[in-house]
Amino acid sequence: MLEANAHNQLKTFLEGISSEWPHHLTFSRIVARSLRRRDHTLIHLDTWSQNCWWPGLLIPLSIDASSAVLILSDNQRSRFFKQELPRLKEAGLELPLWEGSTPPETGQVWLLNTYELIEAYHKGHLSSRQLIFPEVEFLSRSLRHALSIQISSSDWEVLRRAYPGAEKKLISFYETLSLQCFSRAAHLRPRSTISKGDIFVLKEILKGLGNIPLPWSHLTKVDSDRWASWADLDHKLLNWVWNFQPLEPFQVLNDLFHNYPVILLSSAGNNSLFTSELKAINFSPNVELSLSHQKVVEPLSLFAPVKQPLPNTEIFASHLLDQCLRLILGRSGLTVLLLDDEQLLRALTAQLAAEFGRRVSYETTAPEINGVLSCSSSWWLKHHDQLPVPEQLVIAMLPIASLECPLTAARVAGMKSHGRDWFRDFLLPESLLVLSEAIEPVRRGNGRLAILDGRLFRRSW
């Protein structure tokens with residue numbers, strides 16, 4: 001029986017390592033049971049279980065890989081090959097793997113990222129396979145990027161040459177839309193929204209062209225009520241790229257979650273945002289459980305003065321500079337500065353560089369030992385595994401998504417139309433997820449966290 005074999009193998013494996021996580025065996029038996037029964041399983045793990053779950057997942061797969069598909073992010077894949085797979089081999093366990101766009105023979109675990117998963121899904125390569133999604137708290141964002149459609153000027157040229165009879169219509173539409181996009185963008189902003197009416201007009205033109213190439217064929221299937229659309233502008237070259245992303249990717253991939261057995265692992269506890277996304281597609285797991293562990297750790301050192309200005313005040317920029325100078329002065333380790341307002345971040349970085357010189361860098365994976373690394377929260381989440389543990393993390397502004405982002409604005413508009421509390425159901429939970437992930441390296445290294453956003457104390461939420 002798979003559960004019993006996995007239990008015994010894991011018990012032997014754990015004798016050679018030290019781990020304070022008490023749920024290794026329970027977790028492994030649940031995974032093995034789900035693999036054997038091919039059911040829908042949702043397991044909630046708390047933040048203290050950071051990467052402890054790997055052996056409990058991989059050992060059942062090494063015993064019976066069957067038809068499992070393991071979907072990993074770039075960071076997860078790096079850890080898998082550099083740490084987890086060597087540990088299995090040292091313990092005498094072999095995990096048969098397959099990488100590639102075509103499905104493997106039976107008995108091999110198929111490794112995919114979300115882009116490859118979408119491609120395999122559209123080509124019908126996932127039939128009878130079981131999907132495993134570790135750390136699903138950011139799965140919606142990852143799937144949204146994988147489903148995204150981009151149309152550049154070269155795509156317009158390909159379409160124009162393929163259908164010379166529609167050349168005048170296409171050129172006229174392109175020129176009109178280009179003028180609208182650049183005229184709508186205020187103060188040379190790099191993005192401009194595109195209306196649903198423009199999408200409708202283009203789809204009407206494409207209908208009369210017959211069998212059209214990619215990415216245009218994907219565009220014809222886009223429901224403008226469920227997708228966000230905007231243009232990324234290059235004001236210097238007067239060029240632009242048309243972007244499409246689904247507001248709720250789980251709804252676009254509804255069949256994927258209902259027609260295939262899946263194992264979902266959440267490392268953020270009972271995540272309300274992810275749970276609401278599953279409820280929206282009526283996903284009801286056969287097995288759902290929470291494995292919590294209150295680890296005793298030293299409290300995180302926090303610098304967050306009560307009386308700080310709000311981000312929309314005139315003095316906020318000078319407040320950030322004054323506080324950052326105080327926090328950085330005399331520090332011998334790495335300081336990471338997080339700020340999602342790109343214009344303000346670059347200005348603050350330049351001001352700090354004028355004071356501290358080469359110690360200050362912008363979004364690089366090779367900072368000085370006592371350096372100051374300024375970056376956005378999304379860049380930090382993607383690259384923090386490649387960086388030394390910071391001595392302190394300075395969060396200049398809480399990472400609450402801005403309504404100036406077309407995708408965020410479209411998602412908020414969609415929630416408003418359904419009468420939902422878009423701030424507490426969407427913006428706030430997503431911000432808390434980002435915060436939890438962002439501060440984890442500092443927590444592990446017993447560093448200091450500084451929050452310079454006055455909303456921390458002056459807003460009820």
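Because only heavy atoms are used, hydrogens play no part in the values below, and waters and symmetry mates are left out as well, while side chains stay in.
Under the 4.5 Å side-chain criterion, counting only non-hydrogen atoms from C-beta, L58 is not in contact with L85. Two residues are said to be in side-chain contact when any heavy atoms from C-beta on lie closer than 4.5 Å; W242 and S229 meet this criterion.
For D232, the salt bridge (charged side-chain N to carboxylate O under 4.0 Å, His left out) test picks out R191, with sequence neighbours left out. Remark: Q351 engages no residue in a side-chain hydrogen bond (donor to acceptor under 3.5 Å, both in side chains) (not counting sequence neighbours). For W216, the ring pair (Phe, Tyr, Trp, His ring centres under 6.0 Å) partners are W156, not counting sequence neighbours. For D421, the side-chain contact (heavy atoms from CB on, under 4.5 Å) test picks out F423, R424, D425, with sequence neighbours left out. Not counting sequence neighbours, the partners of E84 by the salt bridge (charged side-chain N to carboxylate O under 4.0 Å, His left out) test are R79, R87. Under the rule for a ring pair (Phe, Tyr, Trp, His ring centres under 6.0 Å), H125 has no partner lying at least two apart in sequence or in another chain. The ring pair (Phe, Tyr, Trp, His ring centres under 6.0 Å) search around F250 returns F257, F274, not counting sequence neighbours. Taking Y121 as the reference, nothing meets the ring pair (Phe, Tyr, Trp, His ring centres under 6.0 Å) condition, with sequence neighbours excluded. Under the salt bridge (charged side-chain N to carboxylate O under 4.0 Å, His left out) criterion, D223 pairs with no residue, sequence neighbours left out. Shown here are the side-chain hydrogen bond (donor to acceptor under 3.5 Å, both in side chains) partners of R141, two or more places apart in sequence or in another chain: there are none.
A donor-acceptor pair is defined here as one N or O able to donate and one able to accept, closer than 3.5 Å; such a pair exists between the side chain of S374 and the backbone of S361. Side-chain N or O atoms of S436 include none that pairs as donor or acceptor with a backbone N or O of L432 at under 3.5 Å. Panel note: side chain T364, backbone P367; no donor-acceptor pair is recorded below 3.5 Å. Of the possible donor and acceptor atoms, one in the side chain of D340 sits under 3.5 Å from a partner among the backbone N and O of S377. A donor-acceptor pair under 3.5 Å is formed between the side chain of S67 and the backbone N or O of S128.
The list of salt bridge (Lys or Arg N to Asp or Glu O under 4.0 Å) pairs with a residue in residues 117-129, not counting sequence neighbours, reads E119-K123.
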Side-chain donor-acceptor distances from residues 393-415 under 3.5 Å, at least two apart:
residue	atom	partner	partner atom	Å
S402	OG	E404	N	3.1
E404	OE1	R189	NH1	2.6
E404	OE2	R189	NH1	3.1

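With a 6.0 Å cutoff to the six-membered ring centre and a 45° limit on the axis angle, R420 does not count as a cation-pi contact of F426.
For an aromatic pair to be called close, the ring centres must be under 6.0 Å apart, and H383 with W380 fails this.
Distance check: I328 CD1 to L337 CG gives 7.0 Å after rounding to the nearest 0.5 Å.
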